[in-house]
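Atom set for the values below is all heavy atoms of this structure, side chains included, hydrogens, waters and symmetry mates excluded. Convention: sequence-line order gives letters A, B, ...; per-chain numbering from 1.
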Amino acid sequence: MIDERLLKPYNPAETEDSIYKKWIDSGLFNPDTCVSKGFTKPDAPTFSIMLPPPNVTGVLHMGHAATLTIEDIMVRYHRMKGDRTLWLPGTDHAAIATQSKVEKIVEKEEGKRRHDLGREELLKRIATFVEGSRTTIVHQSKKMGASLDWSREAFTLDEERNLAVRTAFKKMYDDGLIYRKFRVVNWDPKGQTTISDDEIIYEAAKSPQYTFKYSKDFPIAIATTRPETKVGDVAVAVHPDDARYKKYVGNTYDIVFAGVPISVKIIADSAVDPAYGTGAVGVTPAHSMVDWEIANRHNLPIIPVINEFAKMTVAAPELKDKKVTEARQIIVEWLKKENLLIKEEIIENNISKAERTNGTIEPLPKLQWFIAVEKKFKMGASNMAGIKTGQEVTLKELMLSVVKENSITFLPDNFTKIYTNWIDKLHDWCISRQIWYGHRIPVWYKGDTVYCGVDAPKEEGYIQDEDTLDTWFSSGLWTFSTLGWPKETLDFKTFHPTNVLETGKDILFFWVARMILMTTYLIGTVPFKTVYLHGTVRTDKGEKMSKSLGNAMDPLDMNAKYGTDATRISLIIGNGPGNDFRISEDKIRGYKNFANKIWNATRFVISSTEDFDRSKQPKLTADDAKIHEEFNIFIKDVTKDIEEYRFYIAGEKLYHYFWHNFADITIERTKEIIFHGTPAEKESAQWLLLSLLFTQLKLLHPFMPFVTEELWGVLGNKKLLMIESWPKESTL
RNA sequence: GGGCGCUUAGCUCAGUUGGUUAGAGCAUCUCAUUUACACUGAGAGGGUCGGGGGUUCGAAUCCCUCAGCGCCCACCA
């Protein structure tokens with residue numbers, strides 16, 4: 001009797017939710033349950049992956065869907081293989097992104113800004129928003145079929161993770177690796193906070209560049225695209241060997257520039273390229289990183305002329321409180337009027353923008369917290385190749401050692417070079433942010449006394465630092481903070497270091513590098529052994545998907561239309577590591593047909609084996625034995641592809657075998673035998689059909705978990721397919 | 001400027017570390033189809049592997065060179 005479910009074409013919408021519920025109810029996403037129920041040996045090898053925590057600002061997009069699918073394939077494979085497999089979910093508080101999103105909402109709905117609400121009230125609003133957003137993204141992840149252990153779900157800003165952050169900060173502070181310094185930093189006037197170098201996006205632009213002299217008597221011309229900053233100039237730097245300017249070095253000129261009295265000293269500094277432009281640089285120490293360093297070398301004063309709101313602070317009435325863009329025009333007009341402008345030309349340059357708020361970055365001198373990446377310290381307990389316990393090292397050296405010693409493998413491996421190249425150029429990391437949402441810096445002040453501790457000082461009268469930490473500080477701890485560190489939990493001992501870190505290549509520096517920094521330093525191990533980087537998911541025309549362009553494909557829409565299995569395998573086949581990857585609705589539609597093909601083939605196998613006793617193992621005919629043998633080789637082949645992270649190939653091979661070997665050849669050939677063959681031939685064929693089908697459902701399960709699990713049940717199996725043993729050969 | 005890639009069928013891409021006649025999916029064309037499946041089957045056409053040079057018994061694969069495309073980082077006086 002055919003199961004009535006099989007009488008209609010496969011309808012994913014009818015089955016997926018109930019299948020996912022079965023998995024959840026079984027508790028088998030949790031490795032401990034797999035052990036306690038006897039499906040996994042207590043001493044089996046472990047396999048662990050931490051899900052890259054999606055930001056709580058957003059909804060699931062194709063990139064997340066790809067991440068979830070690739071990781072779920074690894075996880076389901078290892079679970080079936082018998083490993084104690086942990087895939088741990090969580091979300092990221094995404095400090096600046098989240099706060100600015102909620103601020104926007106509040107401003108739109110109530111016309112209020114952050115200071116109208118105050119710190120406490122804004123944080124309350126954010127917490128409410130975050131809870132809603134978190135629920136959404138968890139729900140959506142489940143819709144992708146992800147076999148995540150929800151009982152261990154973590155959040156980068158919950159209490160346990162906060163303890164980890166404070167502990168990490170304190171240790172780095174005590175080792176002298178975290179320091180506070182007054183320096184020119186990247187200030188985002190829109191977000192009202194500092195950001196790190198990596199949070200800047202450079203926008204190509206064509207801007208006017210002005211070549212001018214400060215005054216008629218000034219001997220050297222300089223060029224700039226930002227004339228408004230020139231009221232903060234303290235020097236003109238030339239190359240020490242530049243014959244044209246040598247005679248002026250050491251002179252100081254007092255000038256009234258656009259109504260502002262300035263004092264400009266001519267200095268010699270080898271950082272200046274004599275062949276570029278006029279060969280002279282106006283030095284604005286307060287509003288340029290490079291100039292700040294020049295000024296330090298020459299003991300020059302720092303004169304800020306722009307404030308946090310990108311407005312002028314000079315006393316001259318025509319400039320005071322003007323926006324920088326207005327001041328620029330005013331000064332250009334003044335230069336023209338005074339006949340000081342020598343040349344105006346359009347040049348190509350980059351404008352620095354904050355990636356989260358799109359605010360134009362204003363370099364400002366500020367007191368901020370930094371992590372020193374090139375400072376020597378004494379390494380604690382090390383379990384890393386090439387690094388000894390107690391050895392003097394820098395964070396940079398730790399970060400480089402993991403690739404030098406091959407303790408971490410990148411896929412594709414050219415990212416090893418990209419990573420190394422980035423570390424070589426790495427500067428100290430600015431970690432303090434002037435926003436309210438995030439981990440508050442665990443430092444307290446009382447007069448001149450500074451106290452850093454995991455907890456607040458017991459003594460009265462201390463005030464905590466107002467700033468919060470860069471969101472990547474807490475993300476950097478993700479592989480072990482999720483396992484309970486700094487507590488010495490069983491989870492931490494069991495599942496760390498993790499096996500694989502799988503994520504988009506675009507956050508290699510933001511996240512992957514920071515995890516390596518934090519883990520090598522704090523734990524003395526690598527955070528993971530393999531880094532699998534997937535590319536950006538693009539449209540069929542190769543464009544980046546974006547909400548504002550309206551070309552974004554919603555994975556949940558695709559799931560609803562074609563089934564989650566179709567979406568999943570579409571995101572795998574043709575998607576090798578490291579390369580951007582195009583997806584189209586046509587492709588997904590094609591794999592919906594594949595799910596249906598599996599469905600129909602199963603119906604045929606069931607209907608033509610109804611009189612077959614499955615407990616029997618008949619002797620196979622020579623032809624059948626050959627197919628069986630070849631299929632066993634195929635299993636090994638596909639298993640090797642999965643082991644070696646070639647999911648895109650494994651998926652394609654499974655697809656091709658099922659459709660064009662099993663369905664088109666084996667099944668077709670069997671029809672003749674079943675209807676006209678001898679009883680022995682018939683039994684052989686029936687056994688072969690069933691065994692090939694059963695085994696292929698197992699092999700396909702990590703890729704297409706829903707349809708395979710459903711059919712596994714239809715075929716009369718009581719045990720869930722998700723914890724069947726990974727096949728070594730085709731059996732019943 | 002530094003770094004990393006890419007260029008293979010009309011399109012999107014494989015090609016597992018050099019080995020018969022270079023593959024897949026989609027698209028196209030022809031035919032079939034009352035019997036698991038039209039969300040189908042059988043078959044066909046289509047490539048001098050970006051150009052040139054070299055190494056080798058043998059090169060899409062290794063080396064050199066030229067051209068085009070892309071990404072990342074830096075500079076931006």
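If you check the side chains of E345(A) and Y210(A), you find no donor sitting under 3.5 Å from an acceptor.
Rounded to the nearest Å, the gap between the C1' atom of U61(B) and that of G23(B) is 15 Å. A distance of about 26 Å separates the C1' atoms of G68(B) and U55(B), rounded to the whole Å. Comparing the same atom, C1', in G50(B) and in A67(B) gives a spacing of 8 Å after rounding to whole Å. Rounded to whole Å, the C1' atom of A14(B) lies 15 Å from the corresponding atom of U7(B). Rounded to a whole angstrom, the distance from the P atom of C66(B) to that of G1(B) is 14 Å. Taking the C1' atom of each, G46(B) and G10(B) are spaced 9 Å apart, rounded to whole Å. A gap of 15 Å separates the P atoms of U12(B) and A27(B), to the nearest Å.
A salt bridge does not link E652(A) to R646(A): none of the charged nitrogens lies less than 4.0 Å from a carboxylate oxygen. E14(A) and K8(A) are joined by a salt bridge, as a carboxylate oxygen and a charged side-chain nitrogen come within less than 4.0 angstrom of each other. Salt bridge R669(A)/D624(A): present, at least one basic N to carboxylate O contact under 4.0 Å.
Atom CG in L426(A) sits about 13 Å away from atom P in C73(B), given to the nearest Å. C71(B) atom C1' lies 8 Å from atom CG of D580(A), rounded to whole Å. Rounded to an integer number of Å, the gap from CG of N414(A) to C1' of G70(B) is 14 Å. In this structure, N600(A) places its CG atom 14 Å from C1' of U35(B), rounding to the nearest Å. Spacing between atom CZ of F509(A) and atom P of G3(B) amounts to 15 Å, rounded to whole angstrom units. Taking atom CD1 of I347(A) as the reference point, atom P of C76(B) lies 11 Å away to the nearest angstrom. When the P atom of C39(B) is taken as reference, atom CD of E585(A) falls 16 Å away, rounded to whole Å. For the pair D413(A) CG and G5(B) C1', the computed distance is 12 Å after rounding to whole Å.
Listed pair K671(A) / U35(B) fails the phosphate criterion, with no side-chain N or O lying under 4.0 Å from OP1 or OP2. A close approach under 4.0 Å does not occur between any side-chain nitrogen or oxygen of R646(A) and OP1 or OP2 of U16(B). The side chain of K597(A) places an N or O atom within less than 4.0 Å of a non-bridging phosphate oxygen (OP1 or OP2) of G41(B). Distances shown here put a side-chain N or O of T225(A) below 4.0 Å from the OP1 or OP2 atom of A77(B). For U16(B), neither phosphate oxygen OP1 nor OP2 lies less than 4.0 angstrom from any side-chain nitrogen or oxygen of Y648(A). A close approach under 4.0 Å does not occur between any side-chain nitrogen or oxygen of R589(A) and OP1 or OP2 of C39(B). Taking side-chain N and O atoms only, N593(A) has a distance below 4.0 Å to OP1 or OP2 of U40(B).
Of the candidate nucleotides G41(B), C4(B), A36(B), A36(B) has the atom lying nearest to any side-chain atom of E668(A). Nearest to the side-chain atoms of D641(A) among the listed nucleotides G41(B), U16(B), U12(B) stands U16(B). Each of C72(B), U16(B), C37(B) was ranked by its minimum atom distance to the side chain of N596(A); first place goes to C37(B). When each of A74(B), A77(B), C13(B) is scored by its nearest atom to the side-chain atoms of Y202(A), the top-ranked nucleotide is A74(B). Taking the side chain of D273(A) as heavy atoms from C-beta on, and the options G41(B), A14(B), A77(B), the nearest nucleotide is A77(B). Among the nucleotides A14(B), C76(B), C37(B), the one closest to any side-chain atom of R603(A) is C37(B). Looking at the side chain of N421(A), the nearest of the listed nucleotides G3(B), A14(B), A36(B) is G3(B). Relative to the side chain of V281(A), the nucleotides C75(B), A77(B), A36(B) differ in distance, and A77(B) lies closest. Among A77(B), A36(B), C73(B), the nucleotide with an atom closest to any side-chain atom of Q209(A) is A77(B).
Ring orientation note: the planes of F647(A) and Y645(A) are nearly perpendicular, at an angle over 60° on the 30°/60° scale. Below 30°, between 30° and 60°, or above 60°: for F410(A) and Y419(A) the angle between ring planes is between 30° and 60°, a tilted geometry. Relative ring orientation between Y655(A) and H660(A) is described as perpendicular, the plane-to-plane angle rising above 60° on a 0-90° scale split at 30° and 60°.
In this structure, K592(A) reaches the bases: a heavy-atom distance under 4.0 Å links it to at least one base atom across the strands shown. Heavy atoms of A280(A) sit under 4.0 angstrom from at least one base atom. Among the atoms of the strands shown, none is found under 4.0 Å from any heavy atom of S607(A). Base contact: A663(A) has a heavy atom under 4.0 Å from a base atom. Residue contacts shown for L6(A) are absent, as no nucleic acid heavy atom lies under 4.0 Å away. If you check every strand for non-hydrogen atoms under 4.0 Å, D506(A) touches nothing. Heavy atoms of A223(A) sit under 4.0 angstrom from primed sugar atoms or phosphate atoms, though from no base atom. Residue contacts shown for I418(A) are limited to sugar-phosphate atoms, with no base heavy atom under 4.0 Å away.
The two residues S730(A) and W687(A) come nearest to each other via the heavy atoms O-CH2, 3.8 Å. Taking every heavy atom of both residues into account, P227(A) and R328(A) meet most closely at CD-CG, 3.6 Å.
Atom OG1 of residue T67(A) and atom NE2 of residue H61(A) lie 8.0 Å apart, to the nearest 0.5 angstrom. Here the CZ atom belonging to R356(A) is positioned 7.5 Å from the CD atom belonging to E199(A), to the nearest 0.5 angstrom. Atom CD1 in I635(A) sits 12.5 Å away from atom CD in E630(A) (nearest 0.5 Å).
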With both pairing distances under 3.5 angstrom for Watson-Crick or G-U wobble, and | for a partner in another strand, the correct string for RNA chain B is (((((((..((((.....[...)))).(((((.......))))).....(((((..]....))))))))))))....

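For Y657(A) and F631(A), the gap between ring centers is short of 6.0 Å.
K592(A) forms no cation-pi arrangement with Y10(A), by the criterion of a distance under 6.0 Å to the ring centre and an angle within 45° of the ring axis. Remark: R514(A) is positioned above the aromatic ring of W429(A), its terminal NZ or CZ atom under 6.0 angstrom from the ring centre and at most 45 degrees off the axis.
Counting heavy atoms from C-beta outward, Y214(A) and L340(A) have side chains that stay 4.5 Å or more apart.
Along RNA chain B, the nucleotide nearest K653(A) and the nucleotide nearest D198(A) are compared for position; the residue whose nucleotide lies closer to the 5' end is K653(A).
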Can you tabulate the close N/O pairs, meaning under 3.5 Å, that link protein atoms to atoms of nucleotides 24-27 of chain B?
residue: A24(B); atom: O2'; partner: E652(A); partner atom: OE2; Å: 3.2
residue: G25(B); atom: OP1; partner: H660(A); partner atom: NE2; Å: 3.4

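The stretch residues 289-298 of chain A comes close to RNA chain B through V290(A), each having a heavy atom under 4.0 Å from the strand.
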